[in-house]
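The structure appears right after this line, and notes come after that.
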Amino acid sequence: MKLIHKLSFGLHGRMGALLALVLMMSAFLVACGDSTATSAPAATTAAATTAAAATTAAGAGAATGSALGPIPKGPAQLTGPLVFALNTEITGAGSQTGDLARKAAEIAVDKINAAGGVNGQKIELKVEDAASTNPGALAALNKASEDKAVLMVGPVKSTQIQAISERIKELQLPSLIGGTNAGLTKAGNPWLFRFRPDDSIAASAMVNFATNELKGTKIAVLHDSDAFGTGGADIIEENLKKQGKTLATRQKYTTDAQDFTAQLLAIKSSGADTLCLYGTNQKDDAVIIRQIKEQGLKLNLLGSPSFSQTLVSELPADLTEGLYVVQDYYPGRTPESEEYQKAWAAKFPGTTSDALSAWNWDAIHLAAQLIAQVGTDKTKLQAAILATKDWKGAAGNFTFSAQGNGRGSVDISQYKAKAQVFVKNVAAS
């Protein structure tokens with residue numbers, strides 16, 4: 001202000017006085033803030049805040065790079081318990097999948113805590129049983145809220161996520177999901193972050209592979225009638241129509257069914273040369289594969305990710321031989337994937353991981369790294385996840401879209417002598 005005072009008296013005439021007044025007003029506005037900015041619409045202000053948070057998060061997250069090694073320390077000051085909730089199926093029809101998810105989450109938390117945790121704070125994992133039902137998933141979500149979880153990993157079933165999505169939005173709980181129904185992240189819930197390739201990628205890859213690689217001319221589909229299976233079958237049908245083709249037949253079943261005779265006979269009668277299997281539970285998948293053999297069906301088989309899981313892979317070789325699987329990733333192809341497998345083998349010797357559980361490990365690692373940078377504030381964590389670019393996890397690379405989708409490709413493998421052999425990677429167009 002002294003400088004402005006001297007300047008005003010050093011100038012001559014009205015022009016000098018006017019210039020001094022302008023300078024004084026400019027200094028005042030800089031010091032106090034332009035009043036027009038405070039009257040901007042709230043939405044604009046919120047958008048600017050979110051953008052700024054995302055920019056900060058991007059800068060913080062870029063240094064982490066991958067799931068390898070301990071969690072890099074960040075500036076966030078963490079107080080109180082650091083609770084991560086796992087919403088998965090410990091009981092019911094999906095208990096096999098839930099058990100794998102629990103194991104993947106446990107080895108991730110054990111590894112992080114053994115290396116010092118997140119900025120010195122250890123993660124407390126709360127496993128909430130979804131009981132393989134939509135009401136069970138809701139009860140697990142509410143229990144996670146009662147446990148004051150800073151985030152929730154799961155569920156993996158699309159139908160369960162649909163059932164609890166509104167409650168997640170009410171709680172504003174960052175939810176790192178595995179459900180692949182393409183519509184989940186299009187329904188206006190900003191708290192859903194998908195850690196697996198969605199069905200628009202997996203199902204379209206199925207069709208392209210079936211027609212271009214397997215040279216299928218009459219393609220049928222057998223799918224679970226839940227949200228996951230129906231969504232995948234819809235996309236398969238849509239992609240065939242784009243090629244000027246129609247399904248030979250479309251058959252569905254309910255979860256935990258025991259007899260697929262009627263559906264398989266309809267597929268056999270259709271003259272299909274290729275069958276796309278879009279199952280949700282590996283228990284159902286194993287029964288389907290057995291009954292395909294019993295019915296004497298001779299056709300190309302191309303299964304959804306659950307067909308890579310334990311109950312199918314442990315079937316006799318003559319049942320699975322030649323079966324193709326579209327899966328999240330092919331285990332062991334990257335250093336991050338190798339580390340995950342080694343950690344699994346160390347904690348659960350004599351068992352093997354599968355391609356459907358690694359996303360739980362990835363979700364926990366990425367969340368821990370971002371919390372080290374931005375803390376547990378929900379809005380900051382939300383922005384940090386969306387700002388993540390080219391982060392390397394066990395299941396592949398993660399770059400999140402504005403809608404919360406983190407993965408953009410799938411791997412295709414084939415069973416040969418009970419082992420799954422890598423065929424090719426298919427990226428989203």
Side-chain angles (χ1 to χ4, degrees), residues 87-102 104 129-138 140 154-165 177-185 194-203 205-206 220-237 250-260 263-264 267 275-292 301-313 315 320 323-328 354-360 410:
N87 188 334
T88 195
E89 301 165 298
I90 302 303
T91 59
S95 59
Q96 293 90 356
T97 299
D99 181 61
L100 292 167
R102 176 187 59 80
D129 183 13
S132 301
T133 67
N134 292 352
L138 179 59
V156 70
K157 300 291 173 61
S158 296
T159 185
Q160 293 174 14
I161 298 166
Q162 284 182 332
I164 68 175
S165 180
I177 61 171
T180 57
N181 181 282
L184 292 174
T185 53
R194 197 196 313 266
F195 276 73
R196 294 179 58 213
D198 72 37
D199 291 334
S200 66
I201 300 168
M206 229 183 218
V221 63
L222 174 61
H223 67 94
D224 196 316
S225 59
D226 68 0
F228 170 76
T230 300
D234 286 345
I235 295 169
I236 289 172
E237 191 165 9
R250 174 172 173 167
Q251 299 292 317
K252 65 181 179 180
Y253 62 89
T254 56
T255 299
D256 214 20
Q258 298 300 312
D259 186 3
F260 301 88
Q263 294 95 328
L264 294 177
I267 292 165
L275 175 58
C276 293
L277 298 161
Y278 229 88
T280 301
N281 291 297
Q282 56 174 315
K283 182 179 177 182
D284 298 336
D285 301 342
V287 177
I288 289 170
I289 293 298
R290 284 187 178 278
Q291 293 187 11
I292 285 175
L301 297 178
L302 185 55
S304 57
S306 56
F307 283 83
S308 70
Q309 290 189 278
T310 308
L311 291 184
V312 176
S313 64
L315 289 171
T320 58
L323 168 65
Y324 291 95
V325 182
V326 174
Q327 55 187 357
D328 291 11
D354 70 329
L356 192 56
S357 57
W359 73 270
N360 296 275
V410 294

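Since this is a predicted model, take the numbers as computed values, not measurements.
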Can you tell me how far the [atom1] atom of [X] sits from the [atom2] atom of [Y], to the nearest 0.5 Å?
{"X": "Cys276", "Y": "Glu237", "atom1": "SG", "atom2": "CD", "value": "11.5 Å"}
{"X": "Ile288", "Y": "Leu277", "atom1": "CD1", "atom2": "CG", "value": "6.0 Å"}
{"X": "Ile289", "Y": "Leu323", "atom1": "CD1", "atom2": "CG", "value": "5.0 Å"}
{"X": "Arg194", "Y": "Trp359", "atom1": "CZ", "atom2": "CH2", "value": "11.0 Å"}
{"X": "Ile177", "Y": "Gln160", "atom1": "CD1", "atom2": "CD", "value": "12.0 Å"}
{"X": "Leu302", "Y": "Leu275", "atom1": "CG", "atom2": "CG", "value": "9.0 Å"}

For the backbone of [Y] and the side chain of [X], can you confirm whether one donor and one acceptor N or O come within less than 3.5 Å of each other?
{"X": "Gln291", "Y": "Gln258", "value": "yes"}
{"X": "Asp226", "Y": "Gly229", "value": "yes"}
{"X": "Asp129", "Y": "Ile90", "value": "yes"}
{"X": "Gln263", "Y": "Lys252", "value": "yes"}
{"X": "Ser132", "Y": "Glu89", "value": "no"}
{"X": "Thr230", "Y": "Ala227", "value": "no"}
{"X": "Ser308", "Y": "Pro305", "value": "yes"}
{"X": "Asp284", "Y": "Asp256", "value": "yes"}

Does Asp224 have any salt bridge (charged side-chain N to carboxylate O under 4.0 Å, His left out) partners at least two apart in sequence or in another chain, and if so, which?
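Asp224 satisfies salt bridge (charged side-chain N to carboxylate O under 4.0 Å, His left out) with no other residue.
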
Heavy-atom distance under 4.5 Å between the side chains of [X] and [Y], does that happen here?
{"X": "Ile236", "Y": "Arg250", "value": "no"}
{"X": "Val312", "Y": "Thr320", "value": "yes"}
{"X": "Ile267", "Y": "Ile292", "value": "no"}
{"X": "Thr255", "Y": "Thr159", "value": "no"}
{"X": "Ser165", "Y": "Leu184", "value": "no"}

Which heavy atom of [X] sits nearest to which heavy atom of [Y], and what is that distance?
{"X": "Gly98", "Y": "Thr88", "value": "CA-OG1, 3.3 Å"}
{"X": "Ala137", "Y": "Asn87", "value": "O-ND2, 3.1 Å"}
{"X": "Gln282", "Y": "Ser306", "value": "CB-O, 3.9 Å"}
{"X": "Ser357", "Y": "Ala104", "value": "O-CB, 3.3 Å"}
{"X": "Asp285", "Y": "Gly279", "value": "OD1-CA, 3.6 Å"}
{"X": "Pro155", "Y": "Ile161", "value": "O-CD1, 3.4 Å"}

So Gln96 and Thr310, side-chain contact (heavy atoms from CB on, under 4.5 Å) or not? Walk me through it.
CA-CA 8 Å; Gln96 293 90 356; Thr310 308; over 6 Å; no

Can you see whether Lys157 engages Asn281 through a side-chain donor-acceptor pair at a distance of less than 3.5 angstrom?
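Per modelled atom types, Lys157 and Asn281 side chains form a pair under 3.5 Å.
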
Taking the six-membered ring for Trp, is the centroid-to-centroid distance between Phe228 and Tyr278 below 6.0 Å?
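Yes, the ring of Phe228 comes within the 6.0 Å limit of the ring of Tyr278, centre to centre.
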
